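Since the structure comes first, as structure tokens, the remarks are kept for the end.
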Amino acid sequence: SRPITAVKLVLLGEAAVGKSSLVLRFVSNDFQENKEPTIGAAFLTQRCVIGDQTIKFEIWDTAGQERFASLAPMYYRNAQCALVVYDVTKPASFIKARHWVKELHEQASPNIIIALVGNKCDLVEGEGNEQNRKVAKEEGEQLAQEENLVFFETSAKSGLNVKEVFIALGSKIPSN
Ligand code: GDP
Ligand code: MG
């Protein structure tokens, strides 16, 4: 049978950008309108077949509140992958995402594969909703290009691009 590659993945980003909702969509194909905030961190796993590889994502979903920020290194220290999430309607969350990318490049494993994820794009789609967008897609693309990140805009609510983020990260994991 096929070998299974375990991949440690950490989610980082400001509180309420939708980190836990992205994980819930990926692991259970579900969404909750009023998701309770994560305390500390949550751990979940999900298997995923990518090409000829089976990857078992070991997912650490961290709390975004400042009072938990000092714990983040515990979760990203040995991570092979990171999702840095912001909310496309919240410019402060994009600034926070920049800081997380910088911290990961300085402190995490030098080979870490990082995805920059602009979530809640359902809120900016459709006629009359464009004024809700506060972070241009081009800003995300530019940061991703500068810092060598995988980039997606997602919606945990609709499911748009959620699986795609994990597959893009998983397909960058060298097979052994
Ligand atoms: P976290 O603190 O980053 O883990 O964020 P949560 O996953 O707890 O989500 C915070 C709030 O945003 C909850 O009320 C979610 O239902 C909502 N939310 C999360 N993702 C989306 C999304 O893609 N679109 C919309 N419209 N709301 C979302
Ligand atoms: Mg959470």
Side-chain angles (χ1 to χ4, degrees), residues 2 4-51 53-65 67-69 71-72 74-76 79-90 92-94 96-97 100 104 112-130 132-135 137 140 144 149-173:
R2 265 197 258 246
I4 295 169
T5 310
V7 172
K8 188 178 164 189
L9 180 150
V10 64
L11 281 101
L12 297 165
E14 196 170 83
V17 294
K19 299 178 295 299
S20 300
S21 298
L22 289 165
V23 175
L24 182 66
R25 174 61 73 191
F26 178 55
V27 171
S28 305
N29 196 22
D30 193 9
F31 178 75
Q32 293 169 2
E33 205 62 61
N34 289 300
K35 195 142 178 30
E36 70 291 351
T38 312
I39 306 296
F43 180 73
L44 293 102
T45 67
Q46 177 66 40
R47 279 182 199 203
C48 204
V49 178
I50 302 171
Q53 243 185 329
T54 299
I55 287 183
K56 182 188 172 206
F57 285 108
E58 300 174 342
I59 302 168
W60 287 98
D61 171 22
T62 66
Q65 294 88 343
R67 67 198 152 103
F68 295 114
L71 300 178
M74 264 183 3
Y75 299 105
Y76 65 63
Q80 290 143 283
C81 294
L83 250 73
V84 175
V85 185
Y86 65 94
D87 174 344
V88 294
T89 72
K90 298 265 152 57
S93 73
F94 185 67
K96 186 71 200 170
W100 278 123
L104 287 171
I112 193 166
I113 303 158
I114 306 171
L116 177 68
V117 175
N119 189 41
K120 305 199 186 182
C121 61
D122 58 281
L123 296 177
V124 304
E125 277 158 8
E127 214 167 314
N129 292 330
E130 272 140 54
N132 292 336
R133 180 186 278 278
K134 298 287 150 50
V135 184
K137 190 174 185 184
L149 318 170
V150 170
F151 175 68
F152 281 97
E153 286 192 344
T154 62
S155 168
K157 185 168 182 174
S158 75
L160 180 79
N161 281 342
V162 177
K163 247 192 214 152
E164 284 76 1
V165 175
F166 288 88
I167 290 170
L169 288 175
S171 56
K172 287 179 170 273
I173 298 288

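Just so it is clear, the values below take in all heavy atoms, side chains as well, and ignore hydrogens, waters and symmetry mates. Quick caveat: nothing in here was measured; it's all calculated off a predicted structure.
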Return the minimal non-hydrogen interatomic distance between L116 and G140, and the atom names on each side.
CD2-O, 3.5 Å

Rounded to the nearest 0.5 Å, how far apart are OG of S20 and CD of E36?
8.0 Å

F68 and I39: CA distance, side-chain angles, deciding distance, side chain to side chain contact (heavy atoms under 4.5 Å, CB included) verdict
CA-CA 8 Å; F68 295 114; I39 306 296; 4.1 Å; yes

Find out whether L9 and F166 are in side-chain contact, i.e. whether some heavy atom of one side chain is under 4.5 Å from a heavy atom of the other.
yes

Do K90 and K120 come close enough that some side-chain heavy atom pair is under 4.5 Å?
no

Restricting to side chain to side chain donor-acceptor pair (under 3.5 Å), what partner residues turn up for T89, sequence neighbours left out?
D87

Residues forming a side chain to side chain contact (heavy atoms under 4.5 Å, CB included) with A156, sequence neighbours excluded
S21, L22, F31, N119

Within the supplied structure, the quantity of interest is the number of heavy atoms (other residues, nucleotides, ligands) at a distance under 6.0 Å from K35 NZ; does it exceed 12?
yes

Find the distance between CE (M74) and CH2 (W60) and round it off to the nearest 0.5 Å.
8.0 Å

Flag side-chain contact, heavy atom, 4.5 Å: V84 against I114
yes

With heavy-atom distances below 4.5 Å as the criterion, would you say the side chains of C81 and I173 are in contact?
yes

V150 vs K172, side chain to side chain contact (heavy atoms under 4.5 Å, CB included): CA-CA, chis, key distance, verdict:
CA-CA 10 Å; V150 170; K172 287 179 170 273; 3.5 Å; yes

Report yes if some heavy atom in the side chain of L12 is under 4.5 Å from a heavy atom in the side chain of T62; otherwise report no.
yes

Aromatic ring pairing F151/Y86, orientation class (parallel under 30°, perpendicular over 60°, tilted between):
parallel

Could you check whether any side-chain heavy atom of T154 comes within less than 4.5 Å of a side-chain heavy atom of L160, counting everything from C-beta outward?
no

Could you check whether any side-chain N or O of D61 sits under 3.5 Å from a backbone N or O of A42, counting only pairs where one atom can act as donor and the other as acceptor?
no

Donor-acceptor pair, distance only, cut-off 3.5 Å: does the side chain of S171 make one with the backbone of A168?
yes

Check whether any side-chain N or O of K19 sits under 3.5 Å from a backbone N or O of E14 as a donor-acceptor pair, and report yes or no.
yes

In Å, rounded to the nearest 0.5 Å, how long is the span from CG of L83 to CG of L169?
6.0 Å

Can a salt bridge be assigned to the pair R133 and E153 using a cut-off of 4.0 Å between side-chain N and carboxylate O?
yes

Residue pair T5 / T54, side-chain heavy-atom distance below 4.5 Å:
no

Looking at R47 and F57, would you say the former's side chain and the latter's main chain have a donor-acceptor pair under 3.5 Å?
no

Rounded distance (nearest 0.5 Å) linking atom CZ of R25 with atom NZ of K163:
10.5 Å

Nearest 0.5 angstrom please: C121 SG to N132 CG, how far?
12.5 Å

With S158, which residues qualify under side chain to side chain donor-acceptor pair (under 3.5 Å), at least two apart?
S155

Is the shortest heavy-atom distance from the side chain of I112 to the side chain of Q80 under 4.5 Å?
no

